[in-house]
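First listed ligand is number 1; within each ligand, the first listed atom is number 1. All heavy atoms count here, side chains included; hydrogens, waters and symmetry mates do not. No experiment lies behind these values; they were computed from the predicted model shown.
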Amino acid sequence: MNNLQKTDKQVFRIITNEEARQQETLSMIPSENWFSSSVREAVGSVMSHKYAEGNIGSRYYEGNQYIDELEQLAIDRAKKAFNLPKTWDVNVQALSGSSANLAVYLALLQPGDTMLAMYLPDGGHLSHGWSFEPDAKKREKDVKSGLLVYTGGSRKVNITSILYNPVQYKTDPKTSQFDYKEIEKIALKYKPKLIITGGTAYPRIINYRKMKAIAKKVGAFYMADIAHEAGLVAGGAFPSPVGIADVVTMTTHKTLRSGRGAIILAKKELIEKINRAILPGLQGGPHNHNIAGIAVGLGEAIKPTFKKYAKQVVLNAQALGKALQAQDFKLVTDGTDKHLLLIDLSHEPLLGRPFARVLALAGITANYSTMPWDSRPPRNPSALRLGTPVLTTRGMKEKEMVKIAEWIREAMRTAEPWKELSFEQLEKEATKSKDIKQIAKEVKELCKTFPLA
Ligand code: DSN
């Protein structure tokens with residue numbers, strides 16, 4: 001960093017400020033983490049200079065002996081971390097979770113095929129298929145079908161709906177959890193070629209065996225996207241779909257705490273097609289520096305200390321959930337089985353977006369989110385999403401979760417008088433507020449006690 005300070009003061013200042021922001025505030029966005037300095041070193045290494053289109057031993061460029069060695073090491077460590085059966089193989093070249101998912105579709109589907117995944121506003125993911133229906137009356141047609149289903153709308157806002165036909169299962173209106181009998185009925189009616197589980201805001205365990213049975217019944221492939229849970233799976237704190245699903249995709253930078261990228265695990269008979277979908281199908285040269293980060297992160301994830309980390313991430317999220325309930329907050333699904341939870345703010349003075357801004361000014365970074373059966377739009381939804389991966393990386397435990405829940409309630413109490421204000425006015429009030437500043441000060445003190453290494 002010293003050299004950057006001399007050669008480019010502007011970029012150096014921005015990076016230094018961002019580092020201080022991460023150090024001095026509580027990142028509670030469940031898809032974020034803080035990598036070890038070894039992962040950061042690998043990601044910032046000369047590996048990013050090299051072009052390596054192709055696969056190990058058959059590249060289109062010379063000089064790839066060390067890139068081959070690195071990619072093989074990453075693959076071998078992924079096999080170990082995810083306890084891969086001998087009949088499965090690995091691809092570590094996808095640049096992101098969305099690219100990994102798209103590669104699977106390109107490999108397994110034909111244009112126009114139906115894919116069945118979790119309804120996006122219930123906590124699914126954009127890359128699992130999405131088209132938006134702006135006309136509320138037209139959206140009613142799905143409700144009238146008698147199934148908990150969304151069959152898509154006229155605005156094909158994502159490549160998945162331009163190329164394929166996404167159909168989505170909704171969660172049970174009473175429990176906000178999967179209704180497997182309903183998913184089976186939907187699968188039988190719409191006959192998808194691919195069934196997908198996973199998402200960004202579903203706090204509960206998914207029954208992979210039931211999903212596989214449904215897929216088998218309709219002759220579909222089953223892909224489990226464990227982007228959020230990958231580290232918990234590797235650390236033995238969450239069930240694994242490996243060996244049950246046909247394909248497992250994940251990002252590497254969330255709970256897995258490795259470099260930024262993605263891993264695809266698949267049955268051997270599918271991996272060749274998936275490799276070809278990555279290159280030449282979708283991508284050019286792999287980002288070798290990120291693969292280096294992934295290899296280092298996986299090396300950390302197969303150590304016993306990572307098991308402790310993964311377990312504590314879940315214990316912290318559950319403790320946070322209980323502490324929030326003790327502060328009279330309502331949680332979607334009444335709690336969590338993993339690293340994230342959703343607060344239902346529909347009966348609170350502030351909804352997700354304004355409350356996320358107030359919390360940010362109080363030193364707690366979270367993000368607003370839709371929740372199952374939310375009547376409000378994604379830009380102004382009813383829920384707030386919180387997670388514990390970074391807090392746990394800092395070494396925080398259950399005791400700190402109780403304190404954080406108190407601050408969150410205190411921030412809501414402070415913000416109540418601003419509930420009728422516009423977003424901009426509320427932001428001004430929150431910026432001026434002595435009480436919000438006081439929380440930010442206390443947050444900063446706690447962060448100093450648990451520095452990020
Ligand atoms: N954007 C990620 C998340 O926040 O969950 C998923 O891609």
Side-chain angles (χ1 to χ4, degrees), residues 22 25-35 94-105 115 117-130 157-161 166 168 171 176 196-206 223-233 238 247-264 282 287 290 294 297 313-314 317 320 332-333 336-343 352-353 355-357 359-360 364-372 374 378-379 381-393:
Q22 292 186 25
T25 57
L26 294 171
S27 172
M28 297 189 70
I29 294 174
S31 45
E32 293 181 354
N33 216 324
W34 173 277
F35 306 149
L95 303 183
S96 71
S98 295
S99 305
N101 290 345
L102 210 51
V104 173
Y105 310 153
M115 54 206 291
M118 186 182 188
Y119 184 47
L120 178 65
D122 277 13
H125 192 259
L126 203 54
S127 70
H128 296 172
W130 183 245
V157 292
N158 186 269
I159 188 164
T160 49
S161 56
Q168 304 198 321
T171 50
S176 298
I196 303 167
T197 57
T200 62
Y202 187 67
R204 295 297 179 179
I205 286 171
I206 291 168
M223 178 184 105
D225 179 343
I226 57 164
H228 265 264
E229 305 85 4
L232 308 181
V233 171
F238 199 77
V247 185
V248 175
T249 60
M250 69 192 82
T251 46
T252 46
H253 45 271
K254 297 185 174 88
T255 50
L256 192 55
R257 221 168 49 175
S258 305
R260 204 169 183 113
I263 297 177
I264 305 171
L282 284 172
H287 289 185
N290 282 338
I294 291 169
V313 168
V314 178
L320 178 68
V332 174
T333 78
T336 182
D337 298 323
K338 47 170 114 157
H339 62 298
L340 65 83
L341 47 87
L342 286 184
I343 310 183
R353 182 166 174 248
F355 192 42
R357 183 55 55 91
L359 284 178
I364 297 172
T365 319
N367 71 285
Y368 56 89
S369 172
T370 51
M371 60 178 197
D374 202 345
R379 292 297 290 175
S382 301
L384 184 84
R385 190 179 68 151
L386 294 169
T388 53
V390 181
L391 306 186
T392 313
T393 296

Task: Listed partners of Lys338 passing salt bridge (charged side-chain N to carboxylate O under 4.0 Å, His left out), at least two apart - done: Glu229
Task: Set of residues satisfying salt bridge (charged side-chain N to carboxylate O under 4.0 Å, His left out) with respect to Asp374, sequence neighbours excluded - done: none
TODO: Answer yes or no: is there a side-chain heavy-atom contact under 4.5 Å between Phe238 and Ile226?
DONE: no
Open item on the list: Taking the side chain as everything from C-beta on, heavy atoms only, tell me whether Thr160 gets closer than 4.5 Å to His128.
Closed with: no
Open item on the list: Just to verify, what does Thr249 make a side-chain hydrogen bond (donor to acceptor under 3.5 Å, both in side chains) with, not counting sequence neighbours?
Closed with: Asn101
TODO: Would you please write out the protein residues whose heavy atoms approach any atom of ligand 1 to under 4.0 angstrom, listed by chain and number?
DONE: Ser31, His125, Thr200, His228, Lys254, Arg385
Open item on the list: Just verifying a value: how many Å separate Met28 CE and Ile364 CD1, rounded to the nearest 0.5 Å?
Closed with: 7.0 Å
